[in-house]
Chemist: 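Provided herewith is a single structure, encoded as structure tokens, for subsequent inquiry.
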2 protein chains.
Amino acid sequence: MERTEIASLYTQTPADGIEVKVYGWAKTVRDSKNIGFISLTDGSCYKPVQIVFEAAKLANYAEIAKSGLYTSFEVTGRLVLTPQAKQPFEINADTITVLGPCGPEYPLQKKRMSVEYLRTMPHLRPRTNTFNAAFRVRGEAAYALHSFFHENGFTYVHTPIFTGSDCEGAGEMFQVTTLDLNNVPKTEDGKVDYTKDFFKRQVNLTVSGQLEAEAMAMALGKVYTFGPTFRAEESYTPRHAAEFWMIEPEMAFADLNTYMDTAEAMIKYVIRHLLNTCPDELAFFNQFFDKGLVERLQLVESSEFGRISYTDAVEILKKNNDKFQYKVEWGTDIQTEHERYLTEQVFHKPVFVTDYPKEIKSFYMRMNDDGKTVAAADMLVPGIGELIGGSQREERLDVLTARMDELGMRRSDYEWYLDLRRFGSVKHAGYGLGFERLIMYVTGIPNIRDVLPFPRTCGGF
Amino acid sequence: MERTEIASLYTQTPADGIEVKVYGWAKTVRDSKNIGFISLTDGSCYKPVQIVFEAAKLANYAEIAKSGLYTSFEVTGRLVLTPQAKQPFEINADTITVLGPCGPEYPLQKKRMSVEYLRTMPHLRPRTNTFNAAFRVRGEAAYALHSFFHENGFTYVHTPIFTGSDCEGAGEMFQVTTLDLNNVPKTEDGKVDYTKDFFKRQVNLTVSGQLEAEAMAMALGKVYTFGPTFRAEESYTPRHAAEFWMIEPEMAFADLNTYMDTAEAMIKYVIRHLLNTCPDELAFFNQFFDKGLVERLQLVESSEFGRISYTDAVEILKKNNDKFQYKVEWGTDIQTEHERYLTEQVFHKPVFVTDYPKEIKSFYMRMNDDGKTVAAADMLVPGIGELIGGSQREERLDVLTARMDELGMRRSDYEWYLDLRRFGSVKHAGYGLGFERLIMYVTGIPNIRDVLPFPRTCGGF
């Protein structure tokens, strides 16, 4: 008999009495005197299927009934529709075979385990409800992003991981080398001899693919990256990882409004996709992590995002400075507490804050006519604060180089980037979305370590 | 007036005489005495649109007519259907505005440039026909892969880039560090003091996500990775890069045949998608890179792949040893020349070679009952040889540990991997596809440096 995946039992339920064969792992095994129940999952969907087995039919009843959690089974039996029960059907077993036993030494027993404990077992924790749901949602969200961009004419591009430059002058980078650190070759003046290294130069891991994405957009029109990004920040917060995934769209012939329209449509698209494809997973998170989750996602999906200038936002925040740890005035960077106040207390929905002072934003952002602010915007969402940052890019060669000089940047490091302004420059815009932050947002999981399959954070793994 | 993307002129051509506004870059500008022609692209599709402009209508005719290649323009005008011409329509300009000039110092002039020369300008080469087509095909192929796996119930997982282990003992890895190489901290016995490094241990870049993907498959059933992978091989061939992208599917409750069926369906799916979505790009490659390309892709898409055991393949190859540089006998690894002979001369279509001697394959591959061969299979395709390698994985704890001992592997490095066999082990299988090799295969581009947007290869970038 052909194997049936459990997912297809739910999507195309066979008629009552049809014989099926399923494989799976036991989430629970209950023995109720000559009748037993296995909650069986095979990973094809979040929901398990209930297997009913009887001593009267199974010679190996006793063996099966004492099987440990996560024993793997092959089951043949008849599908029984159960319209009165919570689950729509169950399988009444004719045969059950143990594929792989799982004994009492299995570390994931039924008692409630802390996420901290589970982090010590990244290879096993996807088997728990929480992590299984998290990684399913992660996979579906990634797919939704690819679909959104594909439907909207964006080309997926791979920007390099190895880089000789540093997009934002952030400085917190990992170095990559094949030199023997026990015996680093040196030049005559005692410096590292990089001619002996793999690339004959110092190489770091990328902190952003934006600049390269801009180059691709100048030929492909609309592009996006989706790849790993690295920050060597000594940060122990629940929101920072050393290795994380970023989405960085870049659009030619686009301005700040194009970016905001696109980012808003993208977030709504992803949420809509998740509400449609992961209702069981979201219901789980709504029950155990964040009672307001599904309602908040529905609100975001259906509301028109607000837009307010930084200057106007600061006016509102200043009136409420008594509520904040960090007091706000024009020119200061706004913190998470202010962001959340704006989106949760003022707008009650997502909001873009636009046109920040140039001093608190990056060199490549387009200077506004006032000479003081740049065409940047952050998307703030209830429950988390900033989810997306983006801007129109400075496409004017003279303005860009003047700004770089002002900041003391070395032009020779950016000649290729300046070429994009020398040869057929066009207005363009883009943004960055931290993928893990999105997953935390749509699941309510508060720690980035729990939305990354194998988290790499400061201090070790 | 709203901007129209050139792609939508082709997919939803407006009626004759409708006024449109387009943006784009000039691929050519021709001045034919008071009437001029611009071949304009905006990146939204591979095909440009022809702009016709007349001195009688444009006050700035002279300026436009002398514009350099890749000048960017805003054009308004009326769409004119041209059923007699090669292109189905053109735009008769009412106004043309230069957005960004591009002068004679632009390095990509119209004369034919070598790919070697273009490699020195990775930020500009996507503007050429070859690279524009290559990166479009790359993006569509990536999307097709995501779609294939999503449709077939696989969950996309991100396996870690930072790793403490080495999947296949290959050894050629990049090290990642935040230590100051000019002044590496040492312990009392003179070794590198890794307690001072970011992760408090030695960390390398991944060479494969397979082992972690196996852990995910034991909870999610069917998973795949799609991410960057790194090899510090001192290899200057046209087929090796230090940074490349891999797809690694892993399936629980699967055997060697499941892998082969899935890989065959996947390749056909991707090729079908490209034939449908990139006909212009493939026609370009067929004309300029490989006259047999489209025919070969159609053949692969429509044929049932062959399957032959290594032992039987060696019998065939031995009879033809006079044709080969490396002579074949049972036990030797087969080389590209043999692979190509099998797929091109013997089968005339893709073929899986199965059940290789255990000595030439990896420790995790499932031992066959003969004790000599393992349940591995390579997919060979005409024109290139091996495209995919995969295997059923050894799910039996005792057989796996015996094999690891035989190979002198340190068990303590793999305890977590062995846990997958201790707790609910099931038969499973998976494979690896080098994404760049796929793109080379479907475009006919012979050098990996030309299918990676920003190639990182041995010796520098």
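In what follows, chains are A, B, ... by sequence order, proteins preceding strands, each numbered from 1.
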Chemist: Is there a donor-acceptor contact under 3.5 Å from the side chain of B:Asn132 to the main chain of A:Ala219?
Modeler: yes
Chemist: At what distance, to the nearest 0.5 angstrom, does CZ of A:Phe154 lie from OG of B:Ser44?
Modeler: 12.0 Å
Chemist: Strictly under 6.0 Å, is that where the ring centroids of A:Phe174 and B:Phe199 end up?
Modeler: yes
Chemist: Strictly by modelled atom types, are B:Glu140 and A:His150 linked by a side-chain donor-acceptor pair under 3.5 Å?
Modeler: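 Note: B:Glu140 and A:His150 side chains meet the donor-acceptor criterion.
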Chemist: Would you compute the distance between atom OG1 of A:Thr229 and atom CD1 of B:Ile161 and round it to the nearest 0.5 angstrom?
Modeler: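 A:Thr229 atom OG1 to B:Ile161 atom CD1 measures 10.0 Å (nearest 0.5 Å).
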Chemist: Heavy-atom count around A:Lys186 NZ within 6.0 Å, excluding the residue itself: above 12?
Modeler: yes
Chemist: Between A:Gly24, A:Pro455, A:Ser8, which residue shows the highest count of heavy-atom pairs closer than 4.5 Å to chain B?
Modeler: A:Gly24
Chemist: For B:Arg138 and A:His158, run side-chain contact (heavy atoms from CB on, under 4.5 Å): C-alpha distance rounded to whole Å, both residues' side-chain angles, the deciding distance at 0.1 Å, then the answer.
Modeler: CA-CA 9 Å; B:Arg138 188 179 167 105; A:His158 291 132; 2.6 Å; yes
Chemist: Does any heavy atom of chain B fall under 4.5 Å from the side chain of A:Phe230, the backbone, both, or neither of them?
Modeler: side chain
Chemist: Between chain B and each of A:Glu243, A:Arg3, A:Lys222, A:Arg127, count heavy-atom pairs under 4.5 Å; write down the option with the most.
Modeler: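 Ranked by contacts with chain B, first place is A:Glu243.
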Chemist: Supply the atom-to-atom distance A:Phe423 CZ to B:Leu124 CG, rounded to the nearest 0.5 angstrom.
Modeler: 7.0 Å
Chemist: Do B:Met218 and A:Trp25 pass the side-chain contact (heavy atoms from CB on, under 4.5 Å) test, and can you show the C-alpha distance, the side-chain angles, and the key distance before you say yes or no?
Modeler: CA-CA 9 Å; B:Met218 294 302 113; A:Trp25 295 279; 4.0 Å; yes
Chemist: State whether the side chain of A:Ser72 and the backbone N or O of B:Ser425 hold a donor-acceptor pair below 3.5 Å, judged by distance alone.
Modeler: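 At least one qualifying donor-acceptor pair exists.
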Chemist: Below 4.5 Å from any heavy atom of chain A, which atoms of B:Ala252 appear? Answer side chain, backbone, both or neither.
Modeler: both
Chemist: Could you tell me which portion of A:Leu108 (side chain, backbone, both or neither) has an atom closer than 4.5 angstrom to a non-hydrogen atom of chain B?
Modeler: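 Neither; nothing under 4.5 Å.
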Chemist: With a 4.5 angstrom heavy-atom cut-off, is it the side chain or the backbone of A:Tyr194 that approaches chain B, or both, or neither?
Modeler: side chain
Chemist: Tell me which pairs pass salt bridge (charged side-chain N to carboxylate O under 4.0 Å, His left out) where either residue lies in residues 452-461 of chain A, with sequence neighbours left out.
Modeler: none
Chemist: Look at A:Tyr106, A:Tyr156, A:Phe162 and state which one has the largest set of heavy-atom pairs under 4.5 Å with chain B.
Modeler: A:Phe162
Chemist: For A:Ala232, is it the side chain, the backbone, both or neither that has a heavy atom under 4.5 Å from a heavy atom of chain B?
Modeler: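 A:Ala232 touches chain B through backbone and side-chain heavy atoms alike.
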Chemist: At a heavy-atom separation under 4.5 Å, does A:Met121 approach chain B through its side chain, its backbone, both, or neither?
Modeler: neither
Chemist: Under 4.5 Å from any heavy atom of chain B, what part of A:Ala217 do you find: side chain, backbone, both or neither?
Modeler: backbone
Chemist: Based on non-hydrogen pairs under 4.5 Å, which of A:Gln202, A:His146, A:Lys427, A:Lys200 is most in contact with chain B?
Modeler: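 Greatest number of close heavy-atom pairs with chain B: A:His146.
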Chemist: Heavy-atom pairs under 4.5 Å with chain B: which of A:Tyr70, A:Tyr23, A:Tyr143 has the most?
Modeler: A:Tyr143
Chemist: Mind ranking B:Leu452, B:Thr128, B:Leu181, B:Asn183 by heavy-atom pairs under 4.5 Å with chain A and telling me who comes out on top?
Modeler: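 Top option by heavy-atom pairs under 4.5 Å: B:Leu181.
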Chemist: Counting N and O atoms only, with roles assigned by atom type, does the side chain of B:Glu212 sit under 3.5 Å from a partner on the main chain of A:Phe454, one being a donor and the other an acceptor?
Modeler: no
Chemist: Hey, which of B:Cys45, B:Ser147, B:Ala26 has the most heavy atom pairs under 4.5 Å with chain A?
Modeler: B:Ser147
Chemist: Output the option from B:Pro160, B:Ala215, B:Gly227, B:Gly100 having the highest count of non-hydrogen pairs under 4.5 Å with chain A.
Modeler: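 Ranked by contacts with chain A, first place is B:Pro160.
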Chemist: So which of B:Gly221, B:Gly424, B:Gly139, B:Gly43 has the biggest tally of heavy-atom pairs under 4.5 Å with chain A?
Modeler: B:Gly424
Chemist: Can we say A:Arg422 and B:Glu105 salt-bridge, meaning some charged N sits less than 4.0 Å from an Asp/Glu carboxylate O?
Modeler: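 Salt bridge flag = no for B:Glu105 with A:Arg422.
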Chemist: If you compare all heavy atoms of A:Phe198 against all heavy atoms of B:Cys458, which two are closest, and at what distance to 0.1 Å?
Modeler: CE2-CA, 3.6 Å
Chemist: Please determine whether side-chain contact (heavy atoms from CB on, under 4.5 Å) holds for the pair B:His123 and A:Tyr417, giving the CA-CA distance in whole Å, both sets of side-chain angles, and the decisive distance to 0.1 Å.
Modeler: CA-CA 8 Å; B:His123 63 300; A:Tyr417 187 65; over 6 Å; no
Chemist: Are any side-chain N or O atoms of B:Asn182 and backbone N or O atoms of A:Val192, one a donor and one an acceptor, separated by less than 3.5 Å?
Modeler: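 Answer holds: yes.
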Chemist: Might you work through the side-chain contact (heavy atoms from CB on, under 4.5 Å) test for B:Val157 and A:Phe135, ending with a clear yes or no?
Modeler: CA-CA 7 Å; B:Val157 299; A:Phe135 299 139; 5.6 Å; no
Chemist: Starting at OG1 of A:Thr41, measure out to CG of B:Leu220 and round the result to the nearest 0.5 Å.
Modeler: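 Atom-to-atom, A:Thr41:OG1 and B:Leu220:CG are 9.0 Å apart.
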Chemist: Looking at A:Glu234, A:Arg421, A:Met216, A:Glu395, which makes the most heavy-atom pairs under 4.5 Å with chain B?
Modeler: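 It is A:Met216.
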Chemist: Let me know if A:Pro101 has heavy atoms under 4.5 Å from chain B in its side chain, its backbone, both or neither.
Modeler: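 Backbone of A:Pro101 only, per the 4.5 Å heavy-atom cut-off to chain B.
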Chemist: Please determine, among B:Glu5, B:Arg396, B:Glu214, the option with the most heavy-atom pairs under 4.5 Å with chain A.
Modeler: B:Glu5
Chemist: Would you confirm whether B:Gln175, through its side chain, and A:Val176, through its main-chain N or O, come within 3.5 Å as a donor-acceptor pair?
Modeler: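 It does not hold such a pair.
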Chemist: Under 4.5 Å heavy-atom distance to chain B, tell me which part of A:Thr155 shows up: side chain, backbone, both or neither.
Modeler: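 Just the side chain, heavy atoms under 4.5 Å.
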Chemist: Taking side chain as everything from C-beta outward and backbone as N, CA, C, O, which of these in A:Glu233 sits under 4.5 Å from a heavy atom of chain B? Side chain, backbone, both or neither.
Modeler: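 For A:Glu233, backbone heavy atoms alone lie under 4.5 Å from chain B.
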Chemist: At a heavy-atom separation under 4.5 Å, does A:Val223 approach chain B through its side chain, its backbone, both, or neither?
Modeler: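 Neither part.
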Chemist: Can you tell me which portion of A:Phe226 sits under 4.5 Å from chain B's heavy atoms? Options are side chain, backbone, both or neither.
Modeler: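 For A:Phe226, the contact with chain B is made by backbone and side chain together.
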Chemist: Please identify each residue that fulfils side chain to side chain contact (heavy atoms under 4.5 Å, CB included) with A:Thr71, with sequence neighbours left out.
Modeler: A:Ser67, A:Phe73, A:Val98, A:Cys102
Chemist: Under 4.5 Å from any heavy atom of chain B, what part of A:Thr457 do you find: side chain, backbone, both or neither?
Modeler: backbone
